A.B. asks: 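Before anything else, here's the structure in question.
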Amino acid sequence: MRPRGRGPAQAPAPAGAVRLLERAATELSLAAAATDPADRFVEAHLAALRAGAAVVAARQVVGGRRRGPVNVWESLVALAPEVEGWALYFGAAAERRAAVESGRGPAVQGPEADAHLAQAEAFTALIAELLDVRIWLGGLPLAAS
């Protein structure tokens, strides 16, 4: 992953945000390679979670008072209203992910996992563009330059 360098209009993404996007790219690779739909769904959701956390890391107020655990999806709505729809989508899917991870609830079918992966890929690419960072996934750029 490397900064795209669109010029001085936007400050480079903080290193922590870049690392979170790198982890998101890794999760997307794991999701794409997963043969089990439940694993594909969970890995895709974790990729989106890391991408959302990258925005929170990049936009949170420095020196602010830490109040305990942060819900990434709620924070994302406040810090990046331009991706509110995505935050609501993945926030709603968080309970499903938790149920799948713990073995509760109905099994994840292939089409559901594939759709969730596609959404996670699109969201992560959007976040990479929003933060002006290029993510490489399987030798190809995930976000257009």
Side-chain angles (χ1 to χ4, degrees), residues 1-6 9-61 64 66-145:
M1 194 170 324
R2 60 190 171 129
R4 284 201 254 162
R6 281 195 187 159
Q10 181 172 330
V18 173
R19 281 191 301 274
L20 285 163
L21 280 170
E22 288 171 343
R23 289 179 65 194
T26 298
E27 295 287 350
L28 288 173
S29 294
L30 292 171
T35 56
D36 178 32
D39 291 341
R40 193 161 52 253
F41 183 92
V42 168
E43 296 292 347
H45 193 88
L46 291 174
L49 182 63
R50 296 197 197 320
V55 175
V56 173
R59 293 192 178 178
Q60 67 187 355
V61 177
R66 179 96 183 181
R67 297 181 310 190
V70 174
N71 180 308
V72 168
W73 306 118
E74 292 173 6
S75 297
L76 197 56
V77 170
L79 294 169
E82 64 269 37
V83 295
E84 179 178 2
W86 287 105
L88 294 174
Y89 170 81
F90 286 109
E95 188 174 318
R96 174 84 165 118
R97 187 205 89 216
V100 169
E101 283 183 309
S102 68
R104 296 179 287 122
V108 175
Q109 300 301 314
E112 178 187 8
D114 294 342
H116 203 59
L117 174 57
Q119 295 290 7
E121 288 172 338
F123 175 67
T124 303
L126 176 65
I127 296 305
E129 183 152 331
L130 186 69
L131 296 179
D132 199 24
V133 172
R134 175 166 288 168
I135 297 175
W136 292 87
L137 180 63
L140 300 172
L142 182 60
S145 54

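For clarity, every value in this text was computed on a predicted model and none was experimentally measured.
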A.B. asks: Just say parallel, tilted or perpendicular for the rings of W73 and F90, cut-offs at 30° and 60°.
C.D. replies: parallel

A.B. asks: Counting C-beta onward and ignoring hydrogens, is there a side-chain heavy-atom pair between L28 and T124 closer than 4.5 Å?
C.D. replies: yes

A.B. asks: Let me confirm one number: the CZ-CG distance from R40 to D114, rounded to the nearest 0.5 Å.
C.D. replies: 4.5 Å

A.B. asks: List in chain and number order the residues that pass ring-ring contact (aromatic ring centres under 6.0 Å, His included) with F41, two or more places apart in sequence or in another chain; answer none if no residue qualifies.
C.D. replies: H116

A.B. asks: Quick one: does V100's side chain get under 4.5 Å of D39's, heavy atoms only?
C.D. replies: no

A.B. asks: Testing the basics here: between L131 and A13, what is the closest heavy-atom pair and its distance to 0.1 Å?
C.D. replies: O-CB, 3.8 Å

A.B. asks: At what distance, to the nearest 0.5 angstrom, does CG of L76 lie from CD1 of I127?
C.D. replies: 6.0 Å

A.B. asks: Between A87 and V77, which heavy-atom pair has the shortest distance, and what is it?
C.D. replies: CB-CG2, 3.7 Å

A.B. asks: Please give me the minimum heavy-atom distance between L117 and A31, naming the atom from each residue.
C.D. replies: CD1-CB, 3.6 Å

A.B. asks: How far does CG of D36 sit from CD of E43, to the nearest 0.5 angstrom?
C.D. replies: 10.5 Å

A.B. asks: How close do E112 and A107 get, counting heavy atoms only, and between which atoms?
C.D. replies: OE1-O, 4.4 Å

A.B. asks: CD/E101 to CZ/R96 distance, rounded to the nearest 0.5 angstrom?
C.D. replies: 12.0 Å

A.B. asks: Start with the C-alpha gap between L49 and R97, add the side-chain angles, then the distance that decides, and say whether side chain to side chain contact (heavy atoms under 4.5 Å, CB included) holds.
C.D. replies: CA-CA 11 Å; L49 182 63; R97 187 205 89 216; 3.9 Å; yes

A.B. asks: If you compare all heavy atoms of P81 against all heavy atoms of A78, which two are closest, and at what distance to 0.1 Å?
C.D. replies: CD-O, 4.1 Å

A.B. asks: Heavy atoms only: give me the nearest A57-P14 pair and the separation to one decimal.
C.D. replies: O-CG, 4.4 Å

A.B. asks: Would you call R59 and E82 a salt bridge, taking side-chain N to carboxylate O under 4.0 Å as the test?
C.D. replies: yes

A.B. asks: Got a second to check how far T26's OG1 is from L46's CG, nearest 0.5 Å?
C.D. replies: 12.0 Å

